[in-house]
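I have placed the structure first, in the form of structure tokens, so that the comments after it can refer back to it.
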Amino acid sequence: MTQRKGEKPTISIQEHMAIDVCPGPIQPIKQISDYFPRYPRGLPPTAPPPPGLSRAGSLRSSSSSSTTAAAAGAGRSPEGPAAAREEGRDEDELDRAFGAASAPPAASKKEEEPDVEGYDSDDSTTLGTLDFSLLYDQENNALHCTINKAKLPVPRYRKGLKPMDHNGLSDPYVKLHLLPGASKANKLRTKTLRNTLNPVWSETLTYYGITDEDMVRKTLRISVCDEDKFRHNEFIGETRIPLKKLKPNQTKNFYNCLEKQLPIDKTDDKSLEERGRIMISLKYSSQKCGLVVGIIRCAHLAAMDANGFSDPYVKTYLKPDENKKSKHKTTVKKKTLNPEFNEEFFYEIKYADLSKKTLEVTVWDYDIGKSNDFIGGVSLGINANGERLKHWFDCLKNKDKKIERWHTLTNELPGSGFND
């Protein structure tokens, strides 16, 4: 093959792998040596490399063959038994070397062991893990979520959360939502820990007004995010727990891998958007011949003002109201999303007429100089569903007994429909 002037010689990969550039023994790379074995010099490429054949042995065999050829050319035979023994010994060594090379090598224990260093975890483990516990207090209608800490289960590769900032660290915090009906009203969040990949919060967040019906159909979404002062906060990972997995009054611990953000099923019915919770008490007083309605407290109300709070108050109506005299209103609580009212209103009405009435409760945000903002409402009566209907019937069945229930506020004005 002629080579042009100034052209670099081309070397095939087989020739490149056969060049002996290492003075010591070369450990073959499994993925390459299977296809491009390293041959000793002077051997045909079709023959396997003889590992047992040393450079001294090859020289000795070549020298003995040259001696035999020289003796034959001179017309005299090699020296009887000694030369024959020497030649036979070299041939036996060569056969053993080639036989060992042709035999399949025994798999070593090192090859059988998994390659731990080459382990590459999937997305769910690289996002991190979250250690937390949940407790449903059935008596007080409260769901306690204790956020303990976050870290990765394989600290030898990456310790802690997935780094989000340029310094390789994060400013993580945890936020909670209840699905369906996720909104700012039912969002809870922990404090932010600065510059860490192994945050330890040990913080308990509590949802109030959780009913048995919520425990059946609700799912708790726990998200870990990185707080950024100059840009939008970045999402790290999340995990979701159906509340039906919890048993009342029993703490359950979780150690879950964080996952990528999952889409939220948004229904077309906007009236299902939750705006908070309200605790209402009902009692029919046979002595006063009337219905006593108690507005006890609200929890997780939607923020309507620019400061992130509301100035809530509650209005009640007993409809149909022909004379329009059934309106009652609580006092206004300033800058709070969890107001406590503890106020009662009395409606004079016959017991037999209660089955024809509907109690409408609405929560409003008080504003100065402009119209008040509607936060949410709920209707109790024979046309209601679920907990609302059950609460009304329990009041009718148990005279002179105060019955308290938590109810979910929606952005649907009472009177337009009675969907639970």
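All values below were derived from every heavy atom in this structure, side-chain atoms included, with hydrogens, water molecules and symmetry-related copies excluded.
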What do the steps show when you test T204 against T146 for side chain to side chain donor-acceptor pair (under 3.5 Å), and what is the final call? CA-CA 4 Å; T204 300; T146 301; 3.0 Å; yes
With a 4.5 Å limit on heavy-atom distance, are the side chains of [X] and [Y] in contact?
X	Y	result
L220	R240	no
M304	I375	yes
F235	D226	no
D311	K335	yes
K175	C225	yes
H407	I280	yes
K149	L130	no

Does the pair [X]/[Y] count as a salt bridge with the N-to-O cut at 4.0 Å?
X	Y	value
D394	K401	no
R277	D214	yes
E340	K333	no

Distance-only polar pair, side chains of [X] and [Y], donor-acceptor under 3.5 Å:
X	Y	result
S379	T358	no
D212	Y136	yes
N338	Y208	no
T316	Y347	yes
S286	D400	yes
S281	E404	no

On the six-membered ring of [Y], is [X] placed so that its NZ or CZ lies under 6.0 angstrom from the centre and within 45° of the ring axis?
X	Y	result
K315	W364	yes
K399	Y351	yes
K390	F393	no

Are the side chain of [X] and the backbone N or O of [Y] linked by a donor-acceptor pair below 3.5 Å?
X	Y	result
S133	T251	no
H391	I403	yes
K357	P320	yes
N148	W201	no
S310	P312	no
D228	F230	yes
N307	F309	yes
N372	D367	yes
D321	K325	yes
E203	K191	yes

Just how far is it from atom [atom1] of [X] to atom [atom2] of [Y], taken to the nearest 0.5 Å?
X	Y	atom1	atom2	result
D171	N233	CG	CG	9.5 Å
L246	L143	CG	CG	6.5 Å
C145	I222	SG	CD1	4.0 Å
N256	E238	CG	CD	11.5 Å
K218	H177	NZ	NE2	11.5 Å
I296	E344	CD1	CD	8.0 Å

Show, in sequence, the C-alpha distance, side-chain angles and deciding distance for T331 and E343, and conclude whether the side chain to side chain donor-acceptor pair (under 3.5 Å) test is met. CA-CA 9 Å; T331 57; E343 298 183 30; 3.0 Å; yes
F254, CZ: over 12 other non-hydrogen atoms inside 6.0 angstrom: yes
Quick one: do L258 and T129 satisfy side-chain contact (heavy atoms from CB on, under 4.5 Å)? Show the steps, please. CA-CA 5 Å; L258 297 176; T129 56; 5.8 Å; no
From the list Y313, F341, F345, ring-ring contact (aromatic ring centres under 6.0 Å, His included) with H328 holds only for F345
Residue of the set N398, V292, L380 for which side-chain contact (heavy atoms from CB on, under 4.5 Å) holds with L282: L380
Name the one of T408, D137, L178 that satisfies side-chain contact (heavy atoms from CB on, under 4.5 Å) with I210? L178
Measure across S355 and I382 and return the closest heavy-atom pair with its distance rounded to 0.1 Å. O-CD1, 2.9 Å
Applying side-chain contact (heavy atoms from CB on, under 4.5 Å) to L354 and W392, what does each step give before you reach the verdict? CA-CA 9 Å; L354 278 179; W392 191 256; 4.2 Å; yes
